[in-house]
Amino acid sequence: MTNKSKGLKGGLTNYGDRDFALYLRRSFAKSMGYTGESLDKPIVGICYTESGFNNCHRNFPEMLEAIKRGVLAAGALPIAFPMISLGEVFLNPTSLVYRNLMAMATEEMISAQPMDSVVLMGGCDKTVPALLMGAISANKPAVMVVAGPMMTGRHKGERLGACTDCRRFWSNYRAGSVQKSEIDQVEGRLAVTSGTCAVMGTASTMALLAETLGMMLPNSSSIPSVHADRLRSSEESGKLAAQMAISGKLKPKDIISKSSVENALRVLLAVSGSTNAIIHLTAIAGRLGIEVDLNKFNSLSDETPTLVDLKPVGAGYMEDFHYAGGLDAVLRALEDQLLLETKDITGQSLAERLAKPLADPIDFKIIRKPSDPIESQGGLIALFGNLAPEGAILKRAAATKELLEHEGRAVVFTSLEDLANRIDDPDLDVNANDILVLQNAGPKSASGMPEAGYLPIPKKLAIAGVKDMVRISDARMSGTAFGTIILHVTPEAQLGGPLALVKNGDRIRLSAAQKTIKLLVSEEEIKQRYETLSIVEEVPERGYKKLYHSSVLPATQGCDFDFLK
Ligand code: FES
């Protein structure tokens, strides 16, 4: 980039007269009170995702001030601009549908507006992948910052954190062991500060992966939302973004590589992160033409130890993870397996990062040594078989061990509506050894691949004390959930995948050891069912949802749009 196209001179509005376009732009910018000297500086755009519909980003006004401080101190001009925000629990049908809208808006606004670098402010689940996808495609120097995780609340002497404990209390309420008065009281004690969910859910996983990819300041991904270090790190991020604006160097395509994607997969496995992260990482990598192959994922899983003892799988919360050493500790534990030539936004290689001494000792109770892992293998695997020819995902670390090898009778729900209508029916023919199957909840379905894969245990079984069952769907699951849950079955039912053929009473066999999921129905019968299969497709009539429906790719391709990869 030449000085001629830096700062306000970049990407001029097209009137057929460049000098006039710049003159007009400067005069309008001056109406905001900027001096000519400020307007001569390189510009750091700040992609700002604060919203009244996003509790997780409640600390963003303060973080924004800190980022601006850093940008100004390093000699550039900070200009914040609003971006779509995706507050996980406030969106219908589900936030995933809007991730690509946010990615598109991010790409276009970074490209269309005059900025030399950008700070991406994300946090809540889909915001981090959306911002990264957009920034990769725009390919201007970019620095990711996140809201940071929430602190835990307290209830009767117990620590509570959104939202693994939300699910645990709700399950107990459904089973009758928690009363209405207590569930109402707990409602105000689950999410008690700004920041993202307090466990190793999707937001925390994606923050760690963004840092592993090299797009964030070292060890900044897990700083608690309310800690002063979150603001100091924001100021530092602003400073770095200003340096990048001045140099024009270290664009996302210079940072994220096949090797850094592989490192991110290792970290995902070692921290037993969210299943959603596979979809998002696939979409992020897809923007660079890098494929995430589920067979390769399985070989990485076989050799990457599970090291982190956090909910929803283990005991601790994200604040414990940060004080135990954060991502620095995980990367050190995995050092022998990582590709060390990758570099981050500071320009250093991973090898150089890991050669630096740590400020504090690692707490090995929370982040284990590779010689003393929680499990010798990774927390997630892909399954294949005639029920999921292109793959499905199982978070084995969150599963009941006895159910990892299981054969059972299918109890089928044909849609989310069918599930809601019948799951608690006292006459439902279901027992604890059955396998619950949900169809038509994949990316192309009208429900847009919701986090419905964590099918509720039928009430009569929950009351009888059943805590887990094998559940299968083409849906997703919240990163904060747990259970023996098979997700992202591909091809999905709505596209005529074999999941659509399953009938009540069919036998299904799960083998985590063999990484298979099989429908135990003869090939002849399967062929016959295909011949009579009729799929009811609900096609949105207009707007973004129509675009989503026509363009969304399968889960195994990250649910990106076909024209954006
Ligand atoms: Fe925002 Fe969980 S609701 S991270």
Side-chain angles (χ1 to χ4, degrees), residues 48-60 63 83-99 102 120-132 144-153 159-170 186-211 216 220-227 230 268 271-277 279-281 310-313 316-319 321-322 395 398 448-454 476-482:
Y48 189 54
T49 55
E50 196 268 342
S51 161
F53 288 110
N54 193 339
N55 58 292
C56 301
H57 295 190
R58 178 159 67 82
N59 58 340
F60 274 16
M63 283 175 62
M83 180 49 58
I84 296 166
S85 194
L86 305 177
E88 186 62 24
V89 299
F90 294 98
L91 290 156
N92 176 279
T94 176
S95 62
L96 181 69
V97 167
Y98 300 102
R99 184 201 64 184
M102 185 176 177
L120 309 163
M121 295 184 72
C124 196
D125 291 17
K126 312 299 176 292
T127 59
V128 171
L131 290 166
L132 286 177
M144 181 90 227
V145 297
V146 290
M150 284 180 206
M151 303 300 281
T152 50
R159 293 166 83 196
L160 296 186
C163 229
T164 303
D165 296 319
C166 319
R167 293 171 203 287
R168 180 166 57 86
F169 269 89
W170 191 253
V186 167
E187 185 183 87
R189 297 177 174 179
L190 289 161
V192 293
T193 70
S194 65
T196 48
C197 286
V199 299
M200 190 59 80
T202 306
S204 299
T205 308
M206 288 313 302
L208 295 176
L209 300 195
E211 186 183 326
M216 222 187 276
S220 66
S221 50
S222 59
I223 302 168
S225 171
V226 294
H227 199 291
R230 175 57 57 206
L268 168 62
V271 303
S272 274
S274 165
T275 47
N276 284 320
I279 292 180
H280 298 319
L281 191 58
L310 288 200
K311 289 177 187 251
V313 176
Y317 293 89
M318 281 305 292
E319 61 195 73
F321 175 81
H322 186 67
K395 186 167 178 175
M449 206 183 187
E451 292 184 339
Y454 176 77
R476 296 176 299 120
M477 168 174 89
S478 164
T480 63
F482 46 89

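Numbering of ligands and ligand atoms starts at 1, following listing order.
One distance of note links CD of E88 with CG of D125; it measures 4.0 Å at 0.5 Å rounding.
Checked by atom type, the side-chain pair R167/T480 shows a donor-acceptor distance below 3.5 Å. Using a 3.5 Å distance cut-off with no hydrogens or angles, the side chains of K395 and T275 do not pair a donor with an acceptor.
Applying the ring-ring contact (aromatic ring centres under 6.0 Å, His included) criterion to F60, with sequence neighbours excluded, gives H57.
In terms of modelled atom types and a separation under 3.5 Å, the side chain of T205 and the main chain of S274 share a donor-acceptor contact.
Under the side chain to side chain contact (heavy atoms under 4.5 Å, CB included) test applied with V146, the options I223, V128, L208 reduce to a single match, V128.
Protein N/O/S atoms nearer than 2.8 Å to atom 1 (Fe) of ligand 1 total 2.
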